[in-house]
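What follows is a single structure, written as structure tokens, with notes after it.
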2 protein chains.
Amino acid sequence: MSKPLSGRKPSAKREAILDAAQVVFLDVGYAAASMDGVAARAGVSKATIYAHFTSKDQLFSAVIQRRCERSEAFQSIDSQGDVRAVLTGVARRLMTLLLSPEALAMYRLVVAESLRQPDLARAFYDSGPAAGKAQIAAIMADLADRGELVLDDPWVAADQFIGLLRTDLFMRTLLGLPLRDGQTLDGVTVGAVDVILRAFGPKR
Amino acid sequence: MSKPLSGRKPSAKREAILDAAQVVFLDVGYAAASMDGVAARAGVSKATIYAHFTSKDQLFSAVIQRRCERSEAFQSIDSQGDVRAVLTGVARRLMTLLLSPEALAMYRLVVAESLRQPDLARAFYDSGPAAGKAQIAAIMADLADRGELVLDDPWVAADQFIGLLRTDLFMRTLLGLPLRDGQTLDGVTVGAVDVILRAFGPKR
DNA sequence: GTCTATAGCATGATAGAC
DNA sequence: GTCTATCATGCTATAGAC
């Protein structure tokens with residue numbers, strides 16, 4: 001937490017521990033995860049874990065931090081082309097990311113522990129929601145520059161676009177509930193893009 | 001879980017246990033909550049808790065279920081009057097509800113435990129998100145009937161309206177992060193209403 | 001650094017008296 | 001139903017050998 005983890009410490013065992021811990025935490029949650037379980041999966045003794053990490057909390061923190069550093073969101077999105085096509089592409093990528101089992105598991109974990117571990121909440125927010133929003137805002141600003149959208153504030157618009165995508169479908173998936181009939185990723189995507197275009201499209 | 005809790009069992013102690021458990025769970029989370037802590041706060045011995053509830057899981061479940069049954073969402077909203085005023089009123093109520101400390105704490109708990117306790121996730125979803133969405137859909141359908149909105153599907157529109165409100169402000173609050181400068185409940189509310197009116201307003 | 005073995009503790013859950 | 005007292009488990013964390 002206080003030590004910058006970017007020092008030279010690839011130490012195979014350390015990585016093995018982190019890999020194992022990630023699987024266990026994301027799988028069963030923080031509370032149900034046991035150090036014994038992590039040790040077993042990593043093929044390492046519990047004492048070795050404590051040689052590398054000071055506590056379960058800190059191990060958990062390291063796992064999330066590492067995953068946050070590695071997250072790349074959407075690197076290659078070109079904002080050229082038809083507005084609708086660009087927005088649809090962005091939306092589809094974001095939806096796929098949001099609904100991926102790993103992202104959902106991370107979200108469940110971090111939300112639950114956010115009050116107990118504020119540093120973690122911050123790291124997650126910065127590398128997840130904030131990073132994604134920044135990229136989407138940049139793309140929307142581009143579209144606005146080209147006159148394809150009329151925006152007061154690209155950041156606000158990006159925020160709203162994301163909100164339009166994180167709707168009931170996301171909530172149900174997050175809670176592990178079955179989807180409604182006809183509730184599809186594409187439906188939500190198209191609906192969100194429609195609203196954005198009607199609200200911020202140039203033809204008004 | 002299998003027993004309908006509406007049987008005659010107000011049993012003062014039982015209520016005291018539920019009250020105490022609610023405070024403890026919402027306060028420190030499921031994992032960190034201890035039966036000893038609940039017992040102490042309820043002024044009851046641990047054995048008494050186990051006389052009424054079979055396990056920690058079931059106690060937790062009972063707490064959430066009870067809270068879900070009591071939730072009233074927004075009872076009295078009249079959809080008469082100016083469209084913008086109606087939508088703004090709805091939005092403000094929903095935002096206030098979503099951002100209330102108790103609702104946020106419930107959300108953190110249920111999300112974290114949703115996979116382990118699917119019944120709970122269902123109860124929460126039905127009495128929370130689903131109930132709220134139903135009310136908002138009804139109001140928007142009303143507005144559509146009056147020609148104030150042009151909607152394909154009020155349920156989809158309600159979903160999108162809610163999404164426009166659950167944006168970055170909500171995420172930051174949920175994670176316990178400080179809000180940005182100028183990031184206000186009113187700002188989000190007005191922004192969402194603007195988008196809905198531009199997308200679904202009659203003047204097009 | 002890594003292991004085996006174990007201490008120490010808190011917790012969830014129960015037995016038996018009242 | 002309710003209490004006091006206790007059990008059994010499983011967890012975090014450490015000691016000491018290699």
Side-chain angles (χ1 to χ4, degrees), chain A residues 1-3 5-64 66 109 112-113 116-117 119-120, chain B residues 1-3 5 7-64 66 109 112-113 116-117 120:
Chain A
M1 211 171 294
S2 54
K3 180 187 293 184
L5 298 179
S6 305
R8 303 291 162 276
K9 280 288 181 182
S11 161
K13 297 243 168 173
R14 185 191 175 89
E15 290 302 307
I17 293 169
L18 284 171
D19 290 341
Q22 175 171 317
V23 172
V24 174
F25 281 131
L26 292 187
D27 199 34
V28 304
Y30 180 83
S34 77
M35 297 297 259
D36 284 302
V38 173
R41 172 170 279 268
V44 158
S45 87
K46 233 186 336 183
T48 303
I49 297 182
Y50 283 96
H52 287 279
F53 306 94
T54 66
S55 71
K56 185 181 180 182
D57 272 10
Q58 203 231 316
L59 173 59
F60 178 64
S61 177
V63 168
I64 303 294
R66 188 183 66 155
L109 278 176
E113 295 298 312
R116 247 166 37 83
Q117 303 205 46
D119 292 354
L120 216 63
Chain B
M1 212 171 298
S2 55
K3 178 187 293 184
L5 298 179
R8 302 292 162 273
K9 279 289 182 183
S11 163
K13 295 242 171 177
R14 186 191 173 88
E15 289 302 307
I17 293 169
L18 283 171
D19 289 341
Q22 175 171 317
V23 172
V24 173
F25 281 132
L26 292 187
D27 199 34
V28 305
Y30 180 83
S34 77
M35 297 299 260
D36 284 300
V38 173
R41 171 170 280 268
V44 157
S45 86
K46 227 179 354 175
T48 303
I49 298 182
Y50 282 96
H52 287 278
F53 305 94
T54 67
S55 70
K56 184 181 178 181
D57 272 11
Q58 203 232 316
L59 173 59
F60 177 65
S61 177
V63 168
I64 303 294
R66 189 184 63 156
L109 278 176
E113 295 298 312
R116 245 166 39 83
Q117 303 206 46
L120 216 63

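Values below: every heavy atom of this structure, side chains too, minus hydrogens, waters and symmetry copies. Since this is a predicted model, take the numbers as computed values, not measurements. Throughout, protein chains are lettered first and strands after them, A, B, ... in sequence-line order, and every chain is numbered starting at 1.
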Go through the N and O atoms of the side chain of B:Lys46 and the base of C:dG12, and report whether any donor-acceptor pair is under 3.5 Å.
yes

Tell me which nucleotide among D:dT12, C:dC3, C:dG12 gets nearest to the side chain of B:Tyr50.
C:dG12

Using whole Å, what does the distance between atom P of nucleotide D:dA13 and atom NE2 of A:His52 come to?
16 Å

Between D:dT9 (C1') and B:Met35 (CE): distance, integer Å
16 Å

d(B:Ser34 OG, B:Lys46 NZ) to nearest 0.5 Å is 8.0 Å

Expressed as a whole number of angstroms, how long is the span from B:Leu59:CG to C:dA13:C1'?
13 Å

On DNA chain D, does the nearest nucleotide to B:Lys13 precede the nearest nucleotide to A:Ala33 from the 5' side, or the other way round? Give the residue.
B:Lys13

Touch check for B:Ser45, heavy atoms < 4.0 angstrom, all strands: base, sugar-phosphate only, or nothing?
base

Give one of base, sugar-phosphate or nothing for B:Ala31, where a contact means two heavy atoms less than 4.0 Å apart.
nothing

Atom NZ of A:Lys56 and atom C1' of D:dC11 are separated, to the nearest Å, by 8 Å

Can you find a heavy atom in the side chain of A:His52 that is under 4.5 Å from one in the side chain of A:Leu18?
no

So, B:Arg116 and B:Asp57, do they make that salt bridge, N to O below 4.0 Å?
yes

Nearest-angstrom distance from the residue atom CD of A:Gln58 to P of D:dA13
10 Å

Could you tell me the separation between the CG atom of A:Asp36 and the P atom of C:dA5, rounded to a whole number of Å?
14 Å

Any side-chain N or O of B:Thr48 below 4.0 angstrom from OP1/OP2 of D:dG1?
no

Can you check the A:Ile17 CD1 to C:dT2 C1' distance for me, whole Å?
10 Å

Starting the side chain at C-beta, find the nucleotide from D:dT2, D:dT12, C:dA13 nearest to B:Ser55.
C:dA13

Checking all strands, does B:Thr54 fall into the base, sugar-phosphate, or nothing category for heavy-atom contacts under 4.0 angstrom?
nothing

Taking the six-membered ring of B:Tyr30, is the NZ or CZ of B:Lys56 close enough (under 6.0 Å from the centre) and on axis enough (within 45°)?
yes

Closest to the side chain of B:Ala47, out of C:dG12, C:dC3, C:dT14, is C:dT14

In plain terms, say whether A:Asp19 and A:Arg14 are close enough for a salt bridge, that is, a side-chain N and a carboxylate O under 4.0 Å apart.
no

Gap between atoms CD1 and P, on B:Ile49 and D:dT4 respectively (whole Å)
13 Å

